[in-house]
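Please read the structure below before turning to the comments.
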Amino acid sequence: MIPNFTCFSTQLGWRFYDADDYHSLENKKKMAEGIPLNDKDRIPWLCALHDVLRREESLRQAAVLACSALKKMYRRVLVSGPSAIEGNQPEQPGEAELKILFVHLDGPFNIIASRLEKRDHFMPPELLKSQFDTLEPPSTPENFITVSLEKSVPEIVLEIESIIFQGEAFLD
């Protein structure tokens, strides 16, 4: 569903992470069997991704994370870690939220389905509808931009780079 942004991160000198590489074997098996993941499946995965981003921040290394982050709560977990989940206490007192620019890649179902069918991936194209059903597009006050998937990957990359370098989104 997400174009390959390895080239984007390489051009910027940023590290690239594919969130799919961090799914548990159980999650991968479940998806391969055509069973959509639920919040219980996704939360440990998102917490692990938060840890990756937190580590990169501590090293002062910018990173690109290709991740579905379908719900607002999922994006909150990426920003704040387990403390974003209702009832949990912050990981460490006074720990700041990560500054993340979410890039919402928006496009019609048929274009995304066509791209997904071309990928060698554990998630079958049949699960795409469940992802659309789950999707909560980013909204204010989240730090995000929306980019159309109806463009080519090079055009998408150029648009994102342009927004970042023109300072239209915070990334400090």
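Because the structure is a prediction, the values reported are computed rather than measured.
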Single-linkage hydrophobic cluster, 4.5 Å side-chain cutoff, Ile35 and Leu128 together
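Ile35 does not cluster with Leu128.
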Side chains of Lys129 and Asp133, heavy atoms from C-beta outward: is any pair under 4.5 Å?
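A side-chain contact exists here, since the closest heavy-atom pair is under 4.5 Å.
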Indicate yes or no: at least one non-hydrogen side-chain atom of Leu98 is less than 4.5 angstrom from one of Leu78.
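No, too far: nothing below the 4.5 Å cut-off.
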Report the residues that fulfil side-chain hydrogen bond (donor to acceptor under 3.5 Å, both in side chains) with [X], sequence neighbours left out, ordered by chain and then residue number.
| X | answer |
| --- | --- |
| Ser152 | Glu155 |
| Lys72 | none |
| Glu136 | none |
| Arg42 | Tyr74 |

Please step through side-chain contact (heavy atoms from CB on, under 4.5 Å) for the pair Val103 and Ile163, ending with a clear verdict.
CA-CA 11 Å; Val103 178; Ile163 290 168; over 6 Å; no
Check salt bridge (Lys or Arg N to Asp or Glu O under 4.0 Å) between Glu150 and all other residues, then give those that pass, not counting sequence neighbours.
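With sequence neighbours excluded, Glu150 shows a salt bridge (Lys or Arg N to Asp or Glu O under 4.0 Å) to no residue whatsoever.
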Using the salt bridge (Lys or Arg N to Asp or Glu O under 4.0 Å) criterion, which residues pair with Glu142? Sequence neighbours excluded.
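Only Arg75 meet the salt bridge (Lys or Arg N to Asp or Glu O under 4.0 Å) criterion with Glu142.
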Is there any side chain to side chain donor-acceptor pair (under 3.5 Å) pair reaching into residues 102-113, and which pairs are they, with sequence neighbours excluded?
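Counting only pairs at least two positions apart or across chains, no side chain to side chain donor-acceptor pair (under 3.5 Å) contact touches residues 102-113.
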Can you give me the closest heavy-atom contact between [X] and [Y], atom names plus distance?
| X | Y | value |
| --- | --- | --- |
| His50 | Val79 | CE1-O, 3.5 Å |
| Asn143 | Ile100 | ND2-O, 3.2 Å |
| Leu49 | Cys67 | CD1-SG, 3.8 Å |
| Ile111 | Leu149 | CG2-O, 4.0 Å |
| Asn38 | Lys30 | ND2-NZ, 3.7 Å |
| Trp45 | Ala19 | NE1-O, 2.8 Å |

So how far is it from [X] [atom1] to [Y] [atom2], rounded to the nearest 0.5 Å?
| X | Y | atom1 | atom2 | result |
| --- | --- | --- | --- | --- |
| Asp20 | Met31 | CG | CE | 6.5 Å |
| Thr146 | Glu159 | OG1 | CD | 9.5 Å |
| Glu161 | Ile156 | CD | CD1 | 12.5 Å |
| Leu158 | Phe165 | CG | CZ | 11.0 Å |

Using atom types as modelled and distance alone, determine if a side-chain donor or acceptor of [X] lies under 3.5 Å from a backbone N or O of [Y].
| X | Y | answer |
| --- | --- | --- |
| Ser80 | Val77 | no |
| Asn27 | Asp41 | yes |
| Thr134 | Ser130 | yes |

Walk me through whether Cys47 and Ile43 qualify under side-chain contact (heavy atoms from CB on, under 4.5 Å).
CA-CA 6 Å; Cys47 288; Ile43 295 300; 4.2 Å; yes
Dump the intermediate steps for side-chain contact (heavy atoms from CB on, under 4.5 Å) on Ile145 and Leu101, then the final yes or no.
CA-CA 8 Å; Ile145 59 171; Leu101 171 65; 4.1 Å; yes
State which residues pass side chain to side chain contact (heavy atoms under 4.5 Å, CB included) with Val52; sequence neighbours excluded, sorted by chain then number.
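Checked Val52 against side chain to side chain contact (heavy atoms under 4.5 Å, CB included); matches are Tyr17, Tyr22, Arg55.
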Start with the C-alpha distance between Leu65 and Phe16, add both sets of side-chain angles, then the distance that settles side-chain contact (heavy atoms from CB on, under 4.5 Å), and finish with yes or no.
CA-CA 6 Å; Leu65 171 67; Phe16 176 80; over 6 Å; no
With salt bridge (Lys or Arg N to Asp or Glu O under 4.0 Å) as the test, would you mind laying out the steps for Arg54 and Glu97 before giving the verdict?
CA-CA 9 Å; Arg54 173 70 65 204; Glu97 293 185 337; over 6 Å; no
